[in-house]
Amino acid sequence: MPDLETLFKSYHIPLDTWIQAAVNWLILNLRPLFLAIRWPVAKTLDGLESFLQGLPVWAFLLILILIAWRIGGWRIAVGTGLSFLVIGFLGLWSVAMTTVAMVATSVVFCVVIGVPLGIAAATSELVSRMMRPVLDAMQTTPTFVYLVPIVMLFGIGNVPAVLATIIVALPPMVRLTNLGIRQVQEELVEAGYAFGLTGRQVLLEIQIPLALPTIMAGLNQSLMLSLSMTVVAAMIGAGGLGLSVYEGINRLDVGLAGIAGLAIVLVAIAVVGAFTALGTAIGDKITSLGSTISK
């Protein structure tokens, strides 16, 4: 038998060197492309953050409570309002608005990118097979691994942090959009074609509406992953509540880390609760619609 340990020491695959060379080549030759990718994310994030930071606290709370009440009823509205009131009394309102802007930007781009990719995967078996290993790799790769290439290609700050968050939070949106469309009953699709609808009309008027509960579940998962990235993103210069947690850990300030972590939990409870209620409401309407169509 060959001495494998000696072989490992004598011969190795210089993959680290190859990766470094590839990243250097990308930086030198595709800089305009990375600036183009960064631009819409930066504009969206800056606009949302400026709006939220400039909005009076009472106006933000009123709008949020009204939306939560309309979506999930008075219990969700009261819970949402109390969660953000506690954040304000903890002295973290401004950094919480930065976190909300970052998470909202990430979710918006997850929807804009993920839904079309999910539709493409649902309508083409070839696209689905090609996408599956990529999504598997994106979901199994540790989140810290994304930070090094993101920093090298896009720099540090809130925008690169949002780009890293989009990469982490995108797969559930794609997968569940694909799953939701594939789960639509074939009889309903065939009935649409029988009534003379085109493929695009069947997709927009039958498949996507019926797949909305599953798509909303994907949105919920993307939102949770975006919130979970707030502390990790602080390692590459992101602001918000994640930075407060990170500073508390570095300074062994348990109080600061604790209240910032509590604020992240409160944001998650408020926002995810509203989205869950919205998904349940949509699911109930779709179920009743499906029963009506079947009859």
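Hydrogens, waters and symmetry mates play no part in the numbers below; they use all other heavy atoms, side chains included.
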- Message: Does any part of the side chain of Arg182, heavy atoms only, come nearer than 4.5 Å to the side chain of Ser128, both counted from C-beta?
- Response: yes

- Item | side-chain contact (heavy atoms from CB on, under 4.5 Å) evaluation trace for Arg70 with Leu66 | CA-CA 6 Å; Arg70 185 69 182 86; Leu66 287 174; over 6 Å; no

- Closest heavy-atom pair and its distance - Ile37, Val41: O-CG2, 3.9 Å

- Query: Nearest heavy-atom pair of Met173 and Gly218: which atoms, and what distance?
  - Reply: SD-C, 4.1 Å

- Message: Between Phe60 and Trp93, is the ring centroid distance below 6.0 Å?
- Response: yes

- Distance-only polar pair, side chains of Gln53 and Thr98, donor-acceptor under 3.5 Å: yes

- Item | side-chain contact (heavy atoms from CB on, under 4.5 Å) assessment of Glu49 paired with Asn158 | CA-CA 11 Å; Glu49 187 172 4; Asn158 287 349; 4.0 Å; yes

- Correct closest heavy-atom pair for Ala68 and Ala77 would be CB-CA, 3.7 Å

- Query: How about Gln201 and Thr198: do any of their side-chain heavy atoms sit closer than 4.5 Å?
  - Reply: yes

- Hphob cluster co-occupancy, Val151 + Val23, side-chain heavy atoms under 4.5 angstrom: yes

- Message: Rounded at 0.5 Å granularity, tell me how far CD1 in Ile264 sits from OG1 in Thr99.
- Response: 6.0 Å

- Contact check, side chains of Thr80 and Ile65, non-hydrogen atoms, under 4.5 Å: no

- Gap between atom CG of Asp46 and atom CZ of Phe51 - 0.5 Å precision: 15.0 Å

- Which pair of heavy atoms, one from Ala263 and one from Leu92, lies closest together, and at what distance? CB-CD1, 3.9 Å

- Message: Does any part of the side chain of Phe109, heavy atoms only, come nearer than 4.5 Å to the side chain of Leu163, both counted from C-beta?
- Response: no

- Residue pair Ile150, Ile167: steps toward the side-chain contact (heavy atoms from CB on, under 4.5 Å) verdict: CA-CA 10 Å; Ile150 286 291; Ile167 296 172; 3.9 Å; yes

- Query: Within a strict 4.5 Å, meaning less than it, do heavy atoms of the Phe154 and Pro149 side chains meet?
  - Reply: no

- Query: Any side-chain heavy atom of Thr44 within less than 4.5 Å of one from Leu48?
  - Reply: yes

- Item | Over all atoms of both residues, closest heavy-atom pair of Ile166 and Cys110 | O-SG, 4.0 Å

- Smallest separation among heavy atoms of Val103 and Leu223, with atom names: CG1-CD1, 3.4 Å

- Message: If you count heavy atoms of other groups shown closer than 6.0 angstrom to CD1 of Ile156, is the number above 12?
- Response: no

Anything under 3.5 Å between a donor and an acceptor, one on a side chain of residues 225-239, the other on a protein residue two or more places apart or in another chain? List them.
{"unit_1": "Ser226", "atom_1": "OG", "unit_2": "Ser222", "atom_2": "O", "d": "2.9"}
{"unit_1": "Ser228", "atom_1": "OG", "unit_2": "Leu225", "atom_2": "O", "d": "2.7"}
{"unit_1": "Thr230", "atom_1": "OG1", "unit_2": "Leu227", "atom_2": "O", "d": "2.8"}

- Contacts of type side chain to side chain contact (heavy atoms under 4.5 Å, CB included), residue Ala96, not counting sequence neighbours: Ile87, Leu241

- Is there any salt bridge (Lys or Arg N to Asp or Glu O under 4.0 Å) pair reaching into residues 129-157, and which pairs are they, with sequence neighbours excluded? Asp136-Arg175

- Could you tell me whether the side chain of Leu176 reaches within less than 4.5 Å of the side chain of Ile215, counting heavy atoms only? no

- Message: Taking Trp25's backbone N and O only, do any of them form a donor-acceptor pair with Asn29's side chain (distance below 3.5 Å, no angle check)?
- Response: yes

- Atom pair CG/CD1 of Leu170 and Ile113 - distance to nearest 0.5 Å: 6.0 Å

- Query: In Å, rounded to the nearest 0.5 Å, how long is the span from CG of Leu61 to CG of Leu82?
  - Reply: 10.0 Å

- Query: Glu247 and Asp253: side-chain contact (heavy atoms from CB on, under 4.5 Å), yes or no, with the steps?
  - Reply: CA-CA 8 Å; Glu247 289 177 346; Asp253 187 341; over 6 Å; no

- Please check if any side-chain donor atom of Asn24 sits under 3.5 Å from a side-chain acceptor atom of Gln20, or the reverse. yes

- Task: With rounding to the nearest 0.5 Å, note down the distance linking CZ in Arg31 to CG in Leu153.
- Result: 8.0 Å

- Query: To the nearest 0.5 Å, what is the distance between CG (Leu266) and CZ (Phe84)?
  - Reply: 8.5 Å

- Query: Is there a side-chain contact between Val148 and Met152, using heavy atoms and a 4.5 Å cut-off?
  - Reply: yes

- Item | Residues Glu205 and Arg200 bridged, charged N to O under 4.0 Å | no

